[in-house]
Novice: 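My structure is below; once you've seen it, I'll send some questions.
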Amino acid sequence: MELVLSEDQELLAKTAIDFVRTRSPVSRMRALRDAQDPIGFSRTLWKEMAELGWVGILIPEAYGGANMGLADLVVVLEALGRTLAPEPFLSTILLGGQLLTQAGSEEQKQAWLPGIASGDKILTVAYQEARSRYDLNRVATKAEQQSGSWVLSGEKIQVLDGHTADALIVSARTAGGQNDQDGITLFLIPRDTPGLTVTRQQRIDDRAVALVSLDSVKVGAGSLLGPLGGGFEILSQVVDRATVGLCAEMLGGMSQIFDDTLNYLKTRQQFGALIGTFQALKHRAARLFMEIELARSSVMAAARAADAGDKDWESLISLAKARGSDTFLLAANEGVQMHGGIGMTDEHDAGFYLKRARVAEMTFGDAAWHRERWATLHKY
Amino acid sequence: MELVLSEDQELLAKTAIDFVRTRSPVSRMRALRDAQDPIGFSRTLWKEMAELGWVGILIPEAYGGANMGLADLVVVLEALGRTLAPEPFLSTILLGGQLLTQAGSEEQKQAWLPGIASGDKILTVAYQEARSRYDLNRVATKAEQQSGSWVLSGEKIQVLDGHTADALIVSARTAGGQNDQDGITLFLIPRDTPGLTVTRQQRIDDRAVALVSLDSVKVGAGSLLGPLGGGFEILSQVVDRATVGLCAEMLGGMSQIFDDTLNYLKTRQQFGALIGTFQALKHRAARLFMEIELARSSVMAAARAADAGDKDWESLISLAKARGSDTFLLAANEGVQMHGGIGMTDEHDAGFYLKRARVAEMTFGDAAWHRERWATLHKY
Amino acid sequence: MADLEKFRAETRRWLSDNAPPSIKGTTLGLGEGNWGGRKATYPNPDMKAWLNVMAARGWTAPEWPAQYGGGGLSKAEAKVLRDEMAALKLPAPLVGFGLTMIGPTLLEYGTEDQKQEHLSKIIRGDIRWCQGYSEPGSGSDLASLQTRAVLQGDYYVINGQKIWTSYANYSDWMFMLVRTDPQAPKHEGITFILMDMASPGVETRPIKLISGSSPFCETFLTDVQVPAKNVVFKVNHGWTVAKALLNHERTMIASAFGSGTGRRQTIGDYARKYVDFEGERIADTTLRTRMTQYEMDALAFKLTSDRARDAAKAGLPPGSESSMFKIYGTELNQRRQELLGSIAGPQALGWEGSGFEEQELSQTRDWLRSRGNTIEGGTSEVQLNIIAKRVLGLPD
Amino acid sequence: MADLEKFRAETRRWLSDNAPPSIKGTTLGLGEGNWGGRKATYPNPDMKAWLNVMAARGWTAPEWPAQYGGGGLSKAEAKVLRDEMAALKLPAPLVGFGLTMIGPTLLEYGTEDQKQEHLSKIIRGDIRWCQGYSEPGSGSDLASLQTRAVLQGDYYVINGQKIWTSYANYSDWMFMLVRTDPQAPKHEGITFILMDMASPGVETRPIKLISGSSPFCETFLTDVQVPAKNVVFKVNHGWTVAKALLNHERTMIASAFGSGTGRRQTIGDYARKYVDFEGERIADTTLRTRMTQYEMDALAFKLTSDRARDAAKAGLPPGSESSMFKIYGTELNQRRQELLGSIAGPQALGWEGSGFEEQELSQTRDWLRSRGNTIEGGTSEVQLNIIAKRVLGLPD
């Protein structure tokens, strides 16, 4: 595995950074928040990103995508992460689109993937429940067979873009006990299906998420995604790959708040000197720089290992997520602290990075969860 | 509990510090090491310490002691720790003397305690084995009854002052499986008993310790110390109290290496300035200062809680030892680092503190062991 | 000693008789309680009654001299009062910067007229005070402040801007630092002065923090006239007063963060609601380790504040420990808040609305608010500098 | 490309034919291997033979020009040689400061005469070099060095003291910094010069470290005569040469600590010998957490050195990362050593003699030795300053 960007990836990175600077500064995310925008992202911008080919990076060519890898997509996600762009890559591409690609029937793929790749359709996955924490096997939502149909009941939480998605892929238990890995089945359910209610939730990072409650939602046999009872395995693999994407976004976020902080150190005067001349702050900045460099290497390695299907790819993803979680939070905390008073105000952007760092940390398993997984994978 | 020195304790502290400065500088410990002194401490100085009343602080008045508490003794031990004085407080007073006081028969006490208090007799406890790590219940040494006598076989390691002690208190298994708490019995065995072989061990801190091998050592029923099979409970309590004494010594050590380091920061020039003007070093020194302050409070609280038999005394001892272990090591590591090149040479004293910090850390349970115990005591 | 026991018995009886029963067991978080002032709001009518009955006895300020309306108690008596209030679980009748900051400062540096005018109002909770120190360009480097005060007749005319003025929008008076001699070295041209917030030219604007709360304001001062007699201590010697007061402030912040571990739920209990246990052990070993580290550090810190308290009681001179308590206490609170969030997991991500419990939402806001703790009242970096210089004697 | 494959096949065959079979699989730790020199000792006769056969082909210095006895290989060919040596598990035929430090420096800055005189001796392992930079008063502040060199005719007469000269007692020549103009600003009066250690007036004294080993010496210089032609680059411009060489040194140290995780036993395996497991999990959760944190950081660091290597291969300009690798690599090694000791527990406390296994004793010495890693070759503090300045662009 070569830990270096290809020429194409360098170009992609440059395009993405330029786009983000001009079309999607942090002020856009702030405006969406202040307006309490009902969608939570920009459909126009999403469509532009589709036209640039970013939305379709992971989608097979047969369905309108570019059939490229995570190693390519992370370059774009890092750039978007720099300005906290809220467009639905996680929900629609990394979760929904990937589940469809990996496990969907030909009919399902035909019905959804081209619309996703063109930026027209939004799809999401409802996998998290009030007591599930980070474990995909903790599914209390039930699906029961009733004369050829399936009837689902339960509640899912913090479903990314759940209130705007055209359809939701829902994990439900069709067999087994509450924490069993076997017996979980995935269902693809249009949002307007009777019995499915979506309520917007307000999180600290202002990304659009929703409570999804299923009250005897009836769907046909054709809505099964993947094999009956075999949903856990598919979902795990897809969430693992999505984690790499999230880590790239986090890498962008930590890099940007670090850059902002460095800039402040170079311009803010106190005690008759630029505060960047104070050695204690210099050393902290230098250490933070090293941590971010290590985070970057981890994300690059995880993306390449996932693309290649290397045997240690799960390890590397846990490495990237544990380190990414800690380092983004550290960079945001140091960002607030080194900005001093202004850093703790809502008016300044530092707080946005802190809030996003915390949400990202607690998405797809926090640092502790991934360290536990690492230790278990390494048998100690 | 009042976390403040009494007037008597203030006086004791002053006396001890003065004594240590004049009679026991670090150079004395260095000389003992360089000479590979067969005893490993100074019998003359030990006798002087006895005359000053320090050796008998914990011993009941009936046996020539002062019947004072740990809160008093720690004041002396802290002073001795400042210059790494190797006199046998741990072996003879905190382990041997305390075991006798807590569990000895009247006859055993009469035979030993006055000689200990006067500084004439050395006593130790052999509790550690090659695989026992920090667990007092892991006893493979066996004691079997044979026609009115007990016959002991096994090996004990790193027995403090084992090669000079007049007698050793040995933990041996008289019943139960290898890790059971029940079935451990303590035996008081004169060092010249046939079958008992003592071999000096060389540790990094140059404190006198020995391998003690027991090859069918035969002793009479009168050598039992405490109840048959009930040795674990007694030993645990005594080791816990001894841990407080060790923590006080560690507090002295970390305080002194910190003082030495501060002094270096105030006198060493580099880049045309005293290195103590560099803010990164200032902040690290200030943080170290805080850690040491917290260590001091923990030791004071643990000593007072142990004296009073407070219900949370075990927690407080684990607090003192975990923090003491980490902070002494940190102070020593920072001491070496801030001294730069000279700090990594044998010629400088910093290395002595580092080595002692490591040994003290791994005596009576390291920081991890005590954190585990804390969490278990607090039921999480 | 016998007198003290008599005082204890009387005090206990009086408190039992006079404290409204409903307030027993009230615990006050940071920023909660009776702050007093012209715009005062009270948690409930009984809390207001509690203030009034205590103020009438001067027991809102137990150790202040009786001549100004204080309790006139000795240190020992004041401790008895505190102990008995704690025994009955009674909350503080009054909180705020009047009691903790400007009151003690006026007692030390104020003129007799100033004491007469202000102390009794503080004791009764009539007037609420705020602090006008920081400015946009003068954060950690406080002494570089630029707000100008020019003497014109009997008045100073003040122009400038203050920032991080806690609750300026609820306060009646401000004690502040102004520059009266721009030519002097920066520490020597500063004056400490008292200003009525109702004066023309004073405008306050709340600052929204990342937690969503607005405990601080910007305060704009345009040609504000302040009587010259409101100068505390000497003109151009305000830095002396400011330093004494900063010490009060740090001590107050430190004690707010230092001791409060008792009343709170332990983290172990909190974890039971959210995470798996294997037997008696938390299954997530990384989380367990972090909890243990935090709890042990918190206890060691609490013991250290106890030790400082005991040393003070024993009459030992105070060290420069307030910086230590400020740093470690605020960092511990940040660690605690972060840890509680980690325990709650995704439930700690809510801002408001559906899907989160009230207590989860407020914990999350507390966590965000805690990030400011190491900045406000003197950054940790400045406190570390102070320790290095004053405690460790390291060279500048 | 076809040529390269041909070269690969030939190289493989040649190595198979010429490497003594006994040396295959030899792994060299820090400080181990063939150091060469007049006082050379070799791990075994086959290792000496291996040096000779490789030196004869110039393959001890594969990329150096053939005219000086080097291999004359292109970068691509040198990589093939490294790969094939790795495939056959062959150790380096020669190590030392001649190859890694003074050789590259002479190639860049030396006169033709200097190259002619020294390079072939380095390649053959005839002469071992040491570095005379630090002085007792000049540690981190290297440029403040005081060793004086005064020109007298064709010779410089040198007086002063060097310290931390690695293996000076085993070395034949020293490259050193001396002050030739005491009046100039401190960076501008320094000259880089080469000195035969056999010159009269040179005395070395080994320094014992806390680990008991003596890898460094003090070197005393009393009226040592060194020919003026031994100056490298220009008089009073030694700092330019020194900086280039320091970069070589940091890179060398960083690569020593950066990559070697492969050959070592994993910490998990090591733990099995000493600590309890509950099922597949280490029972001590605190220790388990620490191990996990270390192993994950070590892997992230290894990936980062891989990334730097891949970037270099792709022709990207090197950043100022050598300071980062120096800091993080040495600290990781310290953490590793400390952790291994914590795993072994009381068995990690031995200095020598009874009751400890050989491997335990050497691990403990390694731990003590590792404390110097963050000091020697430029302290971590100095490296952090370098990152802050050169990488982050923070102001002085």
Side-chain angles (χ1 to χ4, degrees), chain A residues 128 130-135 155 157-158 179 199-207 209-211 268-273 275 278 280-281 284 322 329 332-333 336-348 350-352 354-355 358-359 361-363 365-372 375, chain C residues 134 136-144 163-164 186 207-214 216 274-276 283-290 334 338 341-356 361 364-365 367-369 371-376 379-382 384-385 388:
Chain A
Q128 209 170 11
R131 309 297 301 168
S132 68
R133 210 170 166 85
Y134 309 118
D135 298 325
E155 191 180 57
I157 66 164
Q158 298 186 35
N179 296 342
T199 316
R200 175 81 179 262
Q201 285 187 284
Q202 301 293 334
R203 290 194 313 194
I204 48 176
D205 67 339
D206 295 295
R207 290 285 170 103
V209 291
L211 280 179
R268 167 79 172 172
Q269 294 244 0
Q270 287 283 275
F271 304 103
I275 62 174
F278 298 138
L281 297 187
R284 275 157 60 185
L329 198 59
N333 279 338
V336 169
Q337 182 70 24
M338 293 193 190
H339 276 87
I342 189 75
M344 61 184 187
T345 64
D346 182 73
E347 179 193 346
H348 195 271
F352 286 177
L354 177 60
K355 290 167 178 172
R358 192 66 164 161
V359 172
E361 178 198 0
M362 294 190 188
T363 302
D366 66 3
W369 192 89
H370 281 284
R371 291 219 165 80
E372 290 291 305
Chain C
S134 296
S138 308
S140 290
D141 183 13
L142 182 58
S144 69
I163 195 167
W164 314 125
K186 70 178 179 180
I207 300 168
K208 190 159 118 187
L209 298 189
I210 57 178
S211 63
S213 68
S214 297
F216 303 113
Y274 291 102
V275 305
D276 285 348
D284 182 330
T285 63
T286 306
L287 183 62
R288 181 173 186 257
T289 299
R290 204 172 132 207
Q334 291 176 340
E338 218 169 73
S342 295
I343 290 169
Q347 288 307 111
L349 299 177
W351 181 252
E352 60 189 16
S354 305
F356 304 101
L361 291 170
T364 298
R365 302 277 188 132
W367 159 64
L368 286 165
R369 181 65 188 84
R371 297 314 312 176
N373 299 158
T374 48
I375 297 169
E376 61 203 294
T379 64
S380 293
E381 289 77 8
V382 164
L384 288 167
N385 288 345

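Below, each value reflects all heavy atoms present in this structure, side chains not excepted, and no hydrogens, waters or symmetry copies. Below, read A as the first sequence line, B as the second, and so on, with proteins coming before strands; counting in each chain starts at 1.
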Novice: Please rank C:Pro346, C:Gly355, C:Ser138, C:Pro136 by heavy-atom pairs under 4.5 Å with chain A and give me the top one.
Specialist: C:Pro346
Novice: Under 4.5 Å heavy-atom distance to chain C, tell me which part of A:Asp206 shows up: side chain, backbone, both or neither.
Specialist: neither
Novice: In the structure I gave you, are the side-chain heavy atoms of A:Tyr134 and A:Met362 within less than 4.5 Å of one another anywhere?
Specialist: yes
Novice: Counting heavy-atom pairs under 4.5 Å with chain C, which one of A:Ile157, A:Val336, A:Ile342, A:Val359 comes out on top?
Specialist: A:Val359
Novice: Listed by chain and number, what are the ring pair (Phe, Tyr, Trp, His ring centres under 6.0 Å) partners of A:Phe352, not counting sequence neighbours?
Specialist: none
Novice: Do A:Gln337 and C:Glu381 come within less than 4.5 Å of each other through their side chains, counting heavy atoms only?
Specialist: yes
Novice: Please determine whether a side-chain nitrogen of the Lys or Arg among A:Arg203 and A:Asp205 lies less than 4.0 Å from a carboxylate oxygen of the Asp or Glu.
Specialist: yes
Novice: Begin with the C-alpha distance, continue with both residues' side-chain angles, and end with the deciding distance and a verdict on side chain to side chain contact (heavy atoms under 4.5 Å, CB included) for C:Asp284 and C:Val275.
Specialist: CA-CA 8 Å; C:Asp284 182 330; C:Val275 305; 6.0 Å; no
Novice: Just give me the residue among C:Ser354, C:Gly372, C:Ser134 that pairs up with chain A most often, heavy atom to heavy atom, under 4.5 Å.
Specialist: C:Ser354
Novice: Where on C:Phe216 is there a heavy atom nearer than 4.5 Å to chain A: the side chain, the backbone, both, or neither?
Specialist: side chain
Novice: In sequence, state the C-alpha distance, the side-chain angles, and the governing distance for A:Phe278 and C:Asn385, and then conclude on side chain to side chain contact (heavy atoms under 4.5 Å, CB included).
Specialist: CA-CA 11 Å; A:Phe278 298 138; C:Asn385 288 345; over 6 Å; no
Novice: Regarding C:Asp141 and C:Lys186, does a basic nitrogen lie under 4.0 Å from an acidic carboxylate oxygen?
Specialist: yes
Novice: Select, from C:Gly341, C:Ala348, C:Ser214, C:Ala283, the one with the greatest count of heavy-atom pairs under 4.5 Å involving chain A.
Specialist: C:Gly341
Novice: In sequence, state the C-alpha distance, the side-chain angles, and the governing distance for A:Asp135 and A:Asn179, and then conclude on side chain to side chain contact (heavy atoms under 4.5 Å, CB included).
Specialist: CA-CA 9 Å; A:Asp135 298 325; A:Asn179 296 342; over 6 Å; no
Novice: Answer with side chain, backbone, both or neither: which region of C:Ala143 has an atom nearer than 4.5 Å to a non-hydrogen atom of chain A?
Specialist: neither
Novice: Within the 4.5 Å heavy-atom criterion, are A:Asn333 and C:Glu338 side-chain neighbours or not?
Specialist: yes
Novice: Which one of A:His339, A:His348, A:Lys355 has the most heavy-atom pairs closer than 4.5 Å to chain C?
Specialist: A:Lys355
Novice: Between C:Ile163 and chain A, which part of the residue has a heavy atom less than 4.5 Å away: side chain, backbone, both or neither?
Specialist: neither
Novice: Is it the side chain or the backbone of C:Thr289 that comes within 4.5 Å of chain A heavy atoms, both, or neither?
Specialist: neither
Novice: Tell me, side chain or backbone of C:Ile207 under 4.5 Å from chain A's heavy atoms, or both, or neither?
Specialist: side chain
Novice: Could you check which of A:Glu155, A:Gln269, A:Arg284 has the highest count of heavy-atom pairs closer than 4.5 Å to chain C?
Specialist: A:Arg284
Novice: Among A:Arg133, A:Gln201, A:Gln158, A:Glu361, which has the most heavy-atom pairs under 4.5 Å with chain C?
Specialist: A:Arg133
Novice: Tell me which of these, A:Ala375, A:Gly351, A:Gly340, has more heavy-atom pairs under 4.5 Å with chain C than the rest.
Specialist: A:Gly340
Novice: Quickly, which of C:Arg369, C:Arg365, C:Lys208 forms a side-chain contact (heavy atoms from CB on, under 4.5 Å) with C:Ser213? Name it, please.
Specialist: C:Arg369
Novice: For chain A, which of C:Ser144, C:Ser380, C:Ser342, C:Gly353 has the most heavy-atom pairs under 4.5 Å?
Specialist: C:Ser342
Novice: Let's test your reading of the structure: which of C:Leu142, C:Leu349, C:Ile375 forms the most heavy-atom pairs below 4.5 Å with chain A?
Specialist: C:Leu349
Novice: Output yes when a side-chain donor or acceptor of C:Gln347 lies under 3.5 Å from a complementary backbone atom of A:Ala130, and no otherwise.
Specialist: no
Novice: Can you confirm whether more than 12 heavy atoms, excluding those of A:Glu347, are under 6.0 Å from its CD atom?
Specialist: no
Novice: I need the residue from A:Arg371, A:Gln128, A:Arg200, A:Gln202 with the largest number of non-hydrogen atom pairs under 4.5 Å to chain C.
Specialist: A:Gln202
Novice: Tell me which of these, C:Ala344, C:Ser211, C:Gly137, C:Gly212, has more heavy-atom pairs under 4.5 Å with chain A than the rest.
Specialist: C:Gly137
Novice: Report which part of C:Ser140 has an atom under 4.5 Å of a heavy atom belonging to chain A: side chain, backbone, both, or neither.
Specialist: both
